[in-house]
Amino acid sequence: MTDISRRRFLGATAGTAGLALATACGSVSPQSAAPSASKGGKLTLTMFAFLGGDLGKMPKEFAKEYMASHKNVELKIYEQSNSVGYTKMLAQKKAAPDRPLVNFGFFNAQTSVQGADDKMFTKLDYAAMSNAADIDERFRYDDGIGIGIGIDQLGLLYNKQEIAQAPGSWADLWNHAHQGKVAFFSFPWYAVYMAAKLNGGGLENMEPGWELWKREAGQIRLLVESNPQYLNVLSNGTAPLTAYFAGTGQQWINSGAPLAYVVPKEGAIPLPVNLQAVAGQSQSQLEAIHDIINEMLSPKWCARWAETSVEVPANTKAELPENLAGLPAFSKATSDGFQQIDYGIVGRNNAEWQKRWETDVASRI
């Protein structure tokens, strides 16, 4: 993972989405390291947390401990997928830009780039956060829009009871041996990308991928809209094969689901998870958010996030939990073989790609 850089994740030029917005999004310079109380007493902040599995554990544990030592702060948790929740954030931003739906939280790479493009997120002042210096440089960004807490990956997830021979390639998603057995979460841009790449295209030429999935839409049994629904259809055999997060998949496996995660021979797709502050807030709120994010980046909480989300911790002083060290997703071979993804391209094209998916592929399922 040593060669995965901000440049590779978010584009190579300062003019691309995500990088060009460092000044447009504005900068935050907290006046103090501790939260300030609002006039009404407690300062209430809402944290965006991923919905499903154990992804809500660390945020809830952190909120409980933080509030115990900061009596003037109330932390609420909003649990939702980034795809659904971010759409609601955009609607709220349009209706009332000074009253965001959430104040800060966890966002995946694609949403982080899209949020920068939409001016949803504001710049963090790394100098105001003591733990930021210990975050791996790959997760500290030149534009200051967010900061990494861990990295997940996309690979293949399947039901061992329903599929006798383990899939080993991204191409197994459109292998006719699995026709009508595939499920995806909403719009799987990564499945279109890999279909494109294995057929002469790539992120800048997705046509081969679109043509393949338009032709092979019958491979897909259904599209799910939540992690609980996803777990159910994978576990009961309704749709026993998918491409999804290694971390979420491992949580399901740990809970007893008859599933297994496979790193495709062409390489898994790396996905950083970032902590972001939302634009349109008061100085008091931003002061508190800086303090909260700083605490979440500590070795203690970074390691706890790695344990519950099944990700590599971004804090270099945080130890990888022993129960993760032996998993295929965390091997050197896996990290060395990661796909190289420019999330600037993904972020800029996501809305158009989603419309095309609904028109060309989802309508044929």
Side-chain angles (χ1 to χ4, degrees), residues 4-30 45-50 82-83 85-87 89-90 92-93 97-98 100-152 270-283 285-297 302 305 311 314-315 341-351:
I4 300 175
S5 65
R6 171 71 165 178
R7 187 181 186 86
R8 187 170 293 169
F9 274 135
L10 301 185
T13 66
T16 59
L19 291 183
L21 296 165
T23 57
C25 289
S27 175
V28 177
S29 297
L45 298 170
T46 300
M47 180 196 311
F48 193 121
F50 297 119
N82 269 193
S83 58
Y86 187 75
T87 301
M89 289 172 64
L90 281 174
Q92 177 65 17
K93 179 179 175 64
D98 60 339
L101 179 70
V102 299
N103 302 97
F104 70 102
F106 295 77
F107 296 92
N108 60 36
Q110 182 180 342
T111 306
S112 292
V113 174
Q114 185 176 349
D117 216 8
D118 295 332
K119 301 182 182 180
M120 177 66 73
F121 302 127
T122 193
K123 184 177 180 179
L124 294 174
D125 181 1
Y126 292 171
M129 299 185 295
S130 59
N131 289 315
D134 295 326
I135 298 301
D136 188 305
E137 62 181 5
R138 294 168 296 170
F139 303 95
R140 287 184 276 122
Y141 308 133
D142 293 340
D143 56 18
I145 306 298
I147 190 166
I149 189 170
I151 188 166
D152 201 350
L271 288 156
V273 170
N274 300 314
L275 295 174
Q276 300 276 10
V278 178
Q281 303 185 62
S282 69
Q283 183 66 28
Q285 289 172 314
L286 292 171
E287 289 174 5
I289 289 168
H290 270 74
D291 186 67
I292 290 166
I293 289 180
N294 183 55
E295 290 298 318
M296 294 175 80
L297 294 176
C302 216
W305 172 250
E311 295 179 7
N315 190 309
I341 304 296
D342 183 339
Y343 280 103
I345 295 176
V346 178
R348 288 193 303 270
N349 291 282
N350 183 67

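What's counted below: heavy atoms across the whole structure, side chains too, no hydrogens, waters or symmetry copies. None of the values given here were measured: they were computed from a predicted structure.
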- Query: Which distance, rounded to the nearest 0.5 Å, do you find between the CD of Q276 and the CG of N103?
  - Reply: 13.5 Å

- Query: Are T111 and Q114 close enough, and set up right, to give a side chain to side chain donor-acceptor pair (under 3.5 Å), and what steps lead you there?
  - Reply: CA-CA 5 Å; T111 306; Q114 185 176 349; 5.5 Å; no

- Quick one: pull up CG in N294 and CG in L124 and give me the separation to the nearest 0.5 Å. 10.5 Å

- Note on the structure: All heavy atoms of H290 vs all of A128, minimum pair found to be CD2-CB, 4.3 Å

- How many angstroms lie between CG in L275 and CD1 in I149, if you round to the nearest 0.5 Å? 4.5 Å

- If every non-hydrogen atom of I135 is compared with every non-hydrogen atom of R140, which pair is closest and at what distance? O-NE, 2.7 Å

- Query: To the nearest 0.5 Å, what is the distance between CD1 (I289) and CE (M129)?
  - Reply: 11.5 Å

- Could you walk me through whether V273 and F50 pass the side-chain contact (heavy atoms from CB on, under 4.5 Å) test, one step at a time? CA-CA 10 Å; V273 170; F50 297 119; 3.8 Å; yes

- Please walk me through it: do F106 and M47 pass side-chain contact (heavy atoms from CB on, under 4.5 Å)? CA-CA 8 Å; F106 295 77; M47 180 196 311; 3.8 Å; yes

- Query: Is a side-chain N or O of Q92 found less than 3.5 angstrom from the main chain of M89, in a donor-acceptor match?
  - Reply: no

- Item | D125 (side chain) donor-acceptor with A127 (main chain) under 3.5 angstrom | yes

- Task: Would you check if the distance from the ring center of Y86 to the ring center of F48 is below 6.0 Å?
- Result: no

- Query: Nearest heavy-atom pair of I145 and A116: which atoms, and what distance?
  - Reply: CG2-CB, 4.3 Å

- Query: Quick one: are L101 and T46 in side-chain contact, heavy atoms under 4.5 Å?
  - Reply: no

- Message: Quick check: closest heavy atoms across L271 and Y343, and the distance to 0.1 Å?
- Response: CD2-OH, 2.8 Å

- Query: Going by distance alone, is a donor N or O of one side chain under 3.5 Å from an acceptor N or O of the other, for Q110 and N82?
  - Reply: no

- Note on the structure: To the nearest 0.5 Å, atom CD1 of I292 lies from atom CG of L297 at 12.0 Å

- Message: To check you understand the geometry: which heavy-atom pair defines the closest contact between S112 and F107, and what is its length?
- Response: OG-O, 3.6 Å

- Candidate list I293, N274, N131, test side-chain contact (heavy atoms from CB on, under 4.5 Å), partner I147, passing option: I293

- Minimal non-hydrogen separation, Q281 against L45, with atom names: OE1-CD2, 4.4 Å

- Task: Can you measure from CZ (F121) to CZ (F104) and round to the nearest 0.5 angstrom?
- Result: 12.5 Å

- Item | Contact check, side chains of D143 and K123, non-hydrogen atoms, under 4.5 Å | no

